[in-house]
Amino acid sequence: MKPPHNTAVPARTDAYPHGRRGLFRSWLKIQVENERYQPPHNGLIILQVFIGILFFVLVTRLWYLQIQRGEEFARLSLENRLRQEHIFAPRGRIMDMAGKTIADNRTAYGLSLVREDCRDIPATLTQISVWSGIPVSQIWEKYQQDRFKVKSFEPILMLTDISFELLARIESEIFAWPGLEIVVRTKRNYPEKDIFAHVLGYVAEVNEKEMEDDPALAAGDFVGKAGLELELEKQLRGQKGLFDVEVDAHGRALGRVLKKEPRSGHETNLSLDLSLQRAAWEALGGEAGCVVVMEPDSGKLRALVTSPAYDNNLFAAGISRRDWEALRTSNRFPLQNRVIQSVYPPGSVWKLVMAAMFLEHGISPRENVFCPGQVKLGGQIFRCWKQGGHGNVNMESALVVSCDVYFYLMAEKVGIDKIEAYAKACGFGRATGIGLPHERTGLVPSRAWKRRRFGQPWVRGDTYNISIGQGYTLVTPLQVAVYVSALLNGGDLLKPRLVEEDERLVTGKLPAGAGTRDFIVKAMRLAASGGTARVVARKDADMGGKTGTAQVVKLKMAAGDRRLRTAEMEYAQRDHAWIVTWGAKDGKRYVIVVMVEHGGGGSSVAGPVARKIYDHLFGPEAALAARAAQ
């Protein structure tokens, strides 16, 4: 019986819809097609070229690394095992004329940090702060400043001049802080401290600009910053030595090999006399001022003192901010070298220049002038220092008693133009060339200068003022010493010598003939024997001098037309006290200049200082010594 027409036929339940025979035919067809397949010829070529290029690149790179730069990479590899450490060379000693040391070196300990070996820099810097007591902020500031100055495997000097107590503590704990190392080096030492501070200057850590200017310098080096330490830096510094240090993977030193020995700096003998320097310092007695002692024939400086001063050991050890601010803001200016960096009105000392200029311009030394104690010029009164005046005076007596009126009237005859030219020819208005940094030139005023500076013309009153060393005239004490030395040595303007081995150097000739020089020297001799400079008079030596009292402010008068005494004036308004003298005994001759700021009278304040210095140079006078013995 047939099924109904619309009855569904059951589907095949085989896994292969065409059966096993159909599966075999399909597989056979694929095999036949695979046997007939041929890969494209171009693709094979591309693959071969690619493999060839890759091989060429690898060979080229291997040649570049092993041959072209093999030596460099071998060196870098060696540097991972070997490091170089510098051995700091001691600075050359500085001694006085007799070989007594005034600047030497001492052993000091420091703490350095190697970044590459330090596991935890913040913690390490904090530990340094704990050890030293320095705030962490300052430690971080120093680290940030120095980290880019050195390579990662080079040390950064974090602490200098560690005390023995702190050194013992650090040594007992440093094993726990990799990257830290105690270093031994020399530190500058100034045994005389402030007595030579302005001459020697000081050393301090090098800055970035100094390292850029000098490739031999590195972070942590100490160089001269002022005085002779700066001027003689190259010869005092010496040359560093070198160690090859073998280290392990943790940076620990396994051994050291000396590669280059250090060479200490050149030792230098100064012309200064240590005992005389001390005597001059003590003679000033703490007053603000300076002393110059110079040999007029050689130009050698035997003493160069500025007071007040500072302890230059503070800078060598690393000055604190508090000490620096105290020095910088002091109203006594201890950082100022008053011998060459301060300029003052010379007062009556300037009359030695004016008198020589009068003679060279034809004024007779016998011409008399009457001094009534003042000169009227329009509505102004120009006074002489002696109330009531000196009466009739000539050039010699005017110098001996220091009459102002004589110089007012004679300067008016000559005029400012000749005064300016003559003063500049005598060495004023320019540096002496002493060889210390920041020397000032002073000022010789002129018509053009006043017009440029104030927009005003030169007037007769200006000439009056300049004739007695007042007004706009400014000089340094060293310039005065060089001028007076030229009066004694035949007219040679000498470069002042601080280094004993330097040669005598003439920088100019005094525009004064032998007769003029002899006249001024004789007048100074008379001033010392019975004039305003008699405070330095001695019977056992040939002495000469000239005092000066330089006004700082316009002369103030008390009631009854009386001049105010020094004690009645405020310190800053008191006159500067000057004395310039020369003395000769037993074949030795010296020029001494003393300037005391706001000291008052030259003969009463500066004179006794010069007298004490001569007592040191020549010994006490025979009569005084005999009385003292009795």
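The structure presented is a predicted model; accordingly, all values stated were derived computationally and were not measured.
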Handout entry: Main-chain N/O of Q235 paired with R91 side-chain donor or acceptor, under 3.5 Å
Key = no
Problem - Pair F407 and W350, ring centroids less than 6.0 Å apart - result: no
Practice task
Kindly say whether E287 contributes a backbone atom to a donor-acceptor pair with the side chain of E597 at under 3.5 angstrom?
Solution key: no
Practice task
Any chance you could lay out the side chain to side chain donor-acceptor pair (under 3.5 Å) test for N368 and N392, step after step, and finish with the verdict?
Solution key: CA-CA 6 Å; N368 285 317; N392 285 318; 6.0 Å; no
Completion exercise
Output for pair (L272 CG, R497 CZ), nearest 0.5 Å, gives 12.0 Å
Exercise for the section: Answer yes or no: is there a donor N or O on one side and an acceptor on the other, between the side chain of E295 and the main chain of R302, under 3.5 Å? Expected result: no
Exercise for the section: Spell out, as yes or no, whether a donor-acceptor pair under 3.5 Å connects the side chain of S397 to the backbone of N394. Expected result: yes
Exercise for the section: Output yes when a side-chain donor or acceptor of T101 lies under 3.5 Å from a complementary backbone atom of A103, and no otherwise. Expected result: no
Handout entry: Polar side chain donor-acceptor pair, W458 to S446, under 3.5 angstrom
Key = no
Handout entry: K351 vs S402, side chain to side chain donor-acceptor pair (under 3.5 Å): CA-CA, chis, key distance, verdict
Key = CA-CA 8 Å; K351 293 172 184 175; S402 198; 2.9 Å; yes
Handout entry: Test item: D96 side-chain N/O and K100 main-chain N/O as donor-acceptor pair under 3.5 Å
Key = yes
Problem - Partner of L200 under side chain to side chain contact (heavy atoms under 4.5 Å, CB included), chosen from L270, L232, I195 - result: L270
Problem - Sidechain N-carboxylate O distance under 4.0 Å for R383, D404 - result: no
Problem - Check: E412/Y464 side-chain N/O donor and acceptor closer than 3.5 Å - result: yes
Practice task
Report the distance from atom NZ of K300 to atom CD of E500, rounding to the nearest 0.5 Å.
Solution key: 3.5 Å
Problem - Side-chain donor-acceptor contact under 3.5 Å, T432 with Q479 - result: no
Fill in the blank from the handout: Interatomic distance, CG@N465 vs CZ@R460, rounded to 0.5 Å, equals 13.0 Å
Handout entry: Side-chain ion pair, E420 and K424, N-O less than 4.0 Å
Key = yes
Exercise for the section: Begin from the C-alpha positions of Y190 and E229 and carry the test side chain to side chain donor-acceptor pair (under 3.5 Å) through to its verdict. Expected result: CA-CA 12 Å; Y190 305 100; E229 292 280 20; 2.8 Å; yes
Handout entry: Main-chain N/O of V536 paired to Y614 side chain as donor or acceptor, under 3.5 Å
Key = no
Exercise for the section: Only counting residues at least two apart or in another chain, list the ones meeting side-chain hydrogen bond (donor to acceptor under 3.5 Å, both in side chains) with K585. Expected result: D540
Problem - Residues Y483, L352; criterion side-chain contact (heavy atoms from CB on, under 4.5 Å); working and verdict - result: CA-CA 9 Å; Y483 172 74; L352 299 174; 4.1 Å; yes
Practice task
May I ask you to decide if A481's main-chain N or O and S485's side chain share a donor-acceptor pair within less than 3.5 Å?
Solution key: yes
Practice task
List in chain and number order the residues that pass salt bridge (Lys or Arg N to Asp or Glu O under 4.0 Å) with E360, two or more places apart in sequence or in another chain; answer none if no residue qualifies.
Solution key: none
Practice task
Please check if any side-chain donor atom of T549 sits under 3.5 Å from a side-chain acceptor atom of D575, or the reverse.
Solution key: no
Exercise for the section: Give a yes-or-no answer on whether the side chains of E367 and S364 include a donor-acceptor pair shorter than 3.5 Å. Expected result: no
Practice task
Keeping the roles fixed (side chain from H438, backbone from A226), state whether a donor-acceptor pair exists under 3.5 Å.
Solution key: no
Fill in the blank from the handout: In this structure, CG of N489 is separated from CE of M294 (nearest 0.5 Å) by 8.0 Å
Handout entry: Side-chain ion pair, E396 and K522, N-O less than 4.0 Å
Key = yes
Handout entry: Under-4.0 Å salt bridge between R278 and D273
Key = no
Handout entry: Set of residues satisfying side-chain hydrogen bond (donor to acceptor under 3.5 Å, both in side chains) with respect to R451, sequence neighbours excluded
Key = none
Exercise for the section: Calculate, to the nearest 0.5 Å, the distance between atoms OG and NZ belonging to S529 and K539 respectively. Expected result: 12.0 Å
Handout entry: Stepwise side-chain contact (heavy atoms from CB on, under 4.5 Å) test for T441 and F428
Key = CA-CA 7 Å; T441 60; F428 296 97; over 6 Å; no
Exercise for the section: For S603, enumerate each residue passing the side-chain hydrogen bond (donor to acceptor under 3.5 Å, both in side chains) test, keeping only those at least two apart in sequence or located in another chain. Expected result: none
Exercise for the section: Kindly indicate, with the supporting measurements, whether the criterion ring-ring contact (aromatic ring centres under 6.0 Å, His included) is fulfilled by Y406 and H390. Expected result: CA-CA 10 Å; Y406 176 89; H390 293 93; over 10 Å; no
Problem - T476-Y344 side chain donor-acceptor pair, cut-off 3.5 Å - result: no
Handout entry: Distance flag, aromatic centroids of F454 and Y472, threshold under 6.0 Å
Key = yes
Handout entry: E282/K612 salt bridge by N-O under 4.0 Å criterion
Key = no
Practice task
Please report the C-alpha distance between L228 and F196 in whole Å, then the side-chain angles of each, then the deciding distance to 0.1 Å, and finally whether the side-chain contact (heavy atoms from CB on, under 4.5 Å) criterion is met.
Solution key: CA-CA 10 Å; L228 289 176; F196 284 95; over 6 Å; no
Fill in the blank from the handout: The salt bridge (Lys or Arg N to Asp or Glu O under 4.0 Å) partners of D417 (sequence neighbours excluded) come to R447
Fill in the blank from the handout: Of all heavy-atom pairs linking A486 and D492, the shortest is CB-O, 3.4 Å
Problem - R93/E267 salt bridge by N-O under 4.0 Å criterion - result: yes
Exercise for the section: May I ask you to decide if M543's main-chain N or O and R525's side chain share a donor-acceptor pair within less than 3.5 Å? Expected result: no
Handout entry: Contacts of R589 that satisfy side-chain hydrogen bond (donor to acceptor under 3.5 Å, both in side chains) - sequence neighbours left out
Key = D297
